[in-house]
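Bear in mind that the values here come from a model prediction, so they are computed numbers and not experimental data.
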Amino acid sequence: VHAISILVTLFLFKLIFGKQISNLLSIAKDKLVDTLNKKSHSDWVANCKERKLWPQKQDALGLDLKGHYLKSLYFSIALIGKPQHWRAGFVLGNEKLKANQIIETENGITIHIGSDYDKKEKIIPIWKYYDNFSNNNPDFSSVKFDKMEENTFSVNINNNNFMIVKVNEEIIFAKKIEPSFRRRVYLKAWVDTSPDCKVKFKNIKYSLMPQG
């Protein structure tokens with residue numbers, strides 16, 4: 001009788017709390033997977049200088065996605081010295097995108113800020129290259145900044161490949177993207193014919209979509 005009582009109690013406990021326990025375990029599992037897929041990179045200084053087979057004076061850092069799709073990206077940009085002309089941001093793309101390509105809308109998306117900012121009004125421009133917005137026809141936005149060395153980027157992509165990009169906490173891009181564009185990520189800075197310059201990328205963090 002005692003054994004039957006225990007079995008009945010366990011059955012009722014499972015019947016009443018089973019779904020809640022299952023949900024809690026599922027949430028715990030998702031959080032663990034999310035934690036394991038969060039990555040970071042030490043601060044990186046882009047040396048914008050002449051390089052063979054690299055158009056313009058540029059430098060790029062490829063993040064190791066370990067064969068996964070990108071889920072989120074965060075970094076801030078700081079100038080070193082006072083360069084006259086500069087550009088800095090990120091490029092997402094598929095396997096065909098090369099590290100030395102700045103703008104290649106067929107295989108990727110480029111979003112960057114630059115030196116043409118309004119110091120008095122504290123407004124910085126943002127250029128976006130995707131779809132039909134190619135080299136000579138970029139999509140354009142602008143956001144406020146407090147200090148030039150504290151411009152931050154955040155990128156979040158959901159399971160349906162909808163990407164939201166914020167610069168200084170303002171949304172500047174919200175659009176569904178080609179899934180394969182989540183396969184490669186480059187942080188990038190460059191200048192044109194200006195003197196060589198350096199741009200620092202700080203607080204680099206990113207997360208990956210779990211496989212399966």
Task: Residues Asp64 and Lys66 bridged, charged N to O under 4.0 Å - done: yes
- [ ] Give the cluster check for Ile109 versus Leu65: same hydrophobic cluster or not, with ILVMFWY residues linked at side-chain heavy-atom distances below 4.5 Å.
- [x] yes
TODO: Check the hydrophobic clustering (I, L, V, M, F, W, Y; side-chain heavy atoms under 4.5 Å; chains of links allowed) and say if Val191 and Val91 are grouped together.
DONE: no
TODO: Give the intermediate values and the outcome of side-chain hydrogen bond (donor to acceptor under 3.5 Å, both in side chains) for residues Asn203 and Tyr74.
DONE: CA-CA 7 Å; Asn203 306 315; Tyr74 178 91; 5.3 Å; no
Task: Asp196 bridged to Lys57 by N-O distance under 4.0 Å - done: yes
- [ ] Examine distances only and state if a side-chain atom of Asp192 and a backbone atom of Ser194 form a donor-acceptor pair shorter than 3.5 Å.
- [x] no
Task: Where Ala46 and Phe201 come nearest, the two heavy atoms and their spacing - done: CB-CE1, 4.1 Å
Task: Student check: side-chain heavy atoms of Phe153 and Ile77 closer than 4.5 Å - done: yes
All N/O donor-acceptor pairs, side-chain side in residues 177-185, below 3.5 Å, sequence neighbours left out:
residue, atom, partner, partner atom, Å
Arg182, NE, Leu70, O, 2.9
Arg182, NH1, Asn158, O, 3.2
Arg182, NH1, Asn161, OD1, 2.7
Arg182, NH2, Leu70, O, 2.8
Arg183, NH1, Glu95, OE2, 3.3
Arg183, NH2, Glu95, OE2, 3.2
Arg184, NH1, Glu95, O, 3.1
Arg184, NH1, Leu97, O, 2.5
Arg184, NH2, Glu95, O, 3.4

Open item on the list: Are the side chains of Lys188 and Gln58 in contact, using a 4.5 Å heavy-atom criterion?
Closed with: yes
TODO: Could you tell me whether Asp59 and Arg51 make a salt bridge, using a distance below 4.0 angstrom between a side-chain N and a carboxylate O?
DONE: yes
- [ ] Find out whether Ser207 and Lys39 are in side-chain contact, i.e. whether some heavy atom of one side chain is under 4.5 Å from a heavy atom of the other.
- [x] no
Task: Side chain Glu104, main chain Glu106, donor-acceptor under 3.5 Å - done: yes
Open item on the list: To the closest 0.5 Å, what do you measure between CZ (Phe75) and CG (Asn151)?
Closed with: 10.0 Å
TODO: Report yes if some heavy atom in the side chain of Lys200 is under 4.5 Å from a heavy atom in the side chain of Asp43; otherwise report no.
DONE: yes
Task: Interatomic spacing from CD in Glu50 to CD in Gln56 - rounded to 0.5 Å - done: 10.0 Å
Task: Members sharing Ile102's hydrophobic cluster (side chains within less than 4.5 Å) - done: Ile103, Trp127, Tyr129, Phe140, Trp190
- [ ] Flag yes if Ile164 and Ile113 sit in one hydrophobic cluster, no otherwise; membership is Ile, Leu, Val, Met, Phe, Trp, Tyr, and two members link when side-chain heavy atoms are under 4.5 Å apart.
- [x] no
Open item on the list: Between Asp131 and Lys175 (salt bridge meaning N to carboxylate O under 4.0 Å), is one present in this structure?
Closed with: yes
- [ ] Nearest 0.5 Å please: distance from the CZ atom of Phe162 over to the NZ atom of Lys176.
- [x] 9.5 Å
Open item on the list: Within the structure provided, determine whether Thr152 and Val167 are in side-chain contact (heavy-atom separation under 4.5 Å).
Closed with: no
Task: Distance-minimising heavy-atom pair for Ala99 and Ala60 - done: O-CB, 3.8 Å
TODO: In sequence, state the C-alpha distance, the side-chain angles, and the governing distance for Met163 and Val155, and then conclude on side-chain contact (heavy atoms from CB on, under 4.5 Å).
DONE: CA-CA 7 Å; Met163 182 167 81; Val155 181; 3.7 Å; yes
Open item on the list: Would you say Trp86 ends up clustered with Trp44 if hydrophobic residues are merged whenever their side chains have heavy atoms under 4.5 Å apart, either directly or through other cluster members?
Closed with: yes
- [ ] Indicate the atoms forming the closest heavy-atom contact of Thr105 with Ser134, along with that distance.
- [x] CG2-CA, 4.2 Å
TODO: Would you give the length of the straight line joining atom CG of Asn168 to atom CD of Glu150, rounded to the nearest 0.5 angstrom?
DONE: 9.0 Å
Task: Side chains of Ser76 and Lys202 in contact at under 4.5 Å (non-hydrogen atoms) - done: yes
Open item on the list: Is it true that, when you exclude Glu170 itself, more than 12 heavy atoms of the residues, nucleotides or ligands shown sit nearer than 6.0 Å to its CD?
Closed with: yes
Open item on the list: One pair to check against side-chain contact (heavy atoms from CB on, under 4.5 Å): Ile80 and Val45. What are the steps and the verdict?
Closed with: CA-CA 9 Å; Ile80 297 177; Val45 175; 3.7 Å; yes
- [ ] Check the pair Phe90 / Thr110 against side-chain contact (heavy atoms from CB on, under 4.5 Å), numbers first and verdict last.
- [x] CA-CA 6 Å; Phe90 70 93; Thr110 300; over 6 Å; no
TODO: Just do the side-chain contact (heavy atoms from CB on, under 4.5 Å) check on Val143 and Ile124 with the steps written out, would you?
DONE: CA-CA 6 Å; Val143 299; Ile124 191 163; 3.6 Å; yes
Open item on the list: Give me the atom names and distance for the closest heavy-atom approach of Tyr186 to Gly62.
Closed with: CD2-CA, 3.5 Å
Task: Intermediate values then yes/no, side-chain hydrogen bond (donor to acceptor under 3.5 Å, both in side chains), Ser141 and Lys128 - done: CA-CA 8 Å; Ser141 299; Lys128 296 163 285 184; 2.4 Å; yes
Open item on the list: What's the separation between atom CG in Leu92 and atom CD1 in Ile157, rounded to the nearest 0.5 Å?
Closed with: 5.5 Å
Open item on the list: Is the shortest side-chain heavy-atom distance between Leu61 and Ile204 below 4.5 Å?
Closed with: yes
Task: Tyr117-Phe145 aromatic ring centre distance below 6.0 Å - done: yes
Open item on the list: If you count heavy atoms of other groups shown closer than 6.0 angstrom to CG of Asn137, is the number above 12?
Closed with: yes
Task: Non-hydrogen side-chain atoms of Ile111 and Ile172 separated by less than 4.5 Å - done: yes
Task: Whether Asn156 side chain and Lys71 backbone form a donor-acceptor pair below 3.5 Å - done: no
Task: Value rounded to 0.5 Å, distance of CZ in Arg87 from NE2 in His112 - done: 6.0 Å
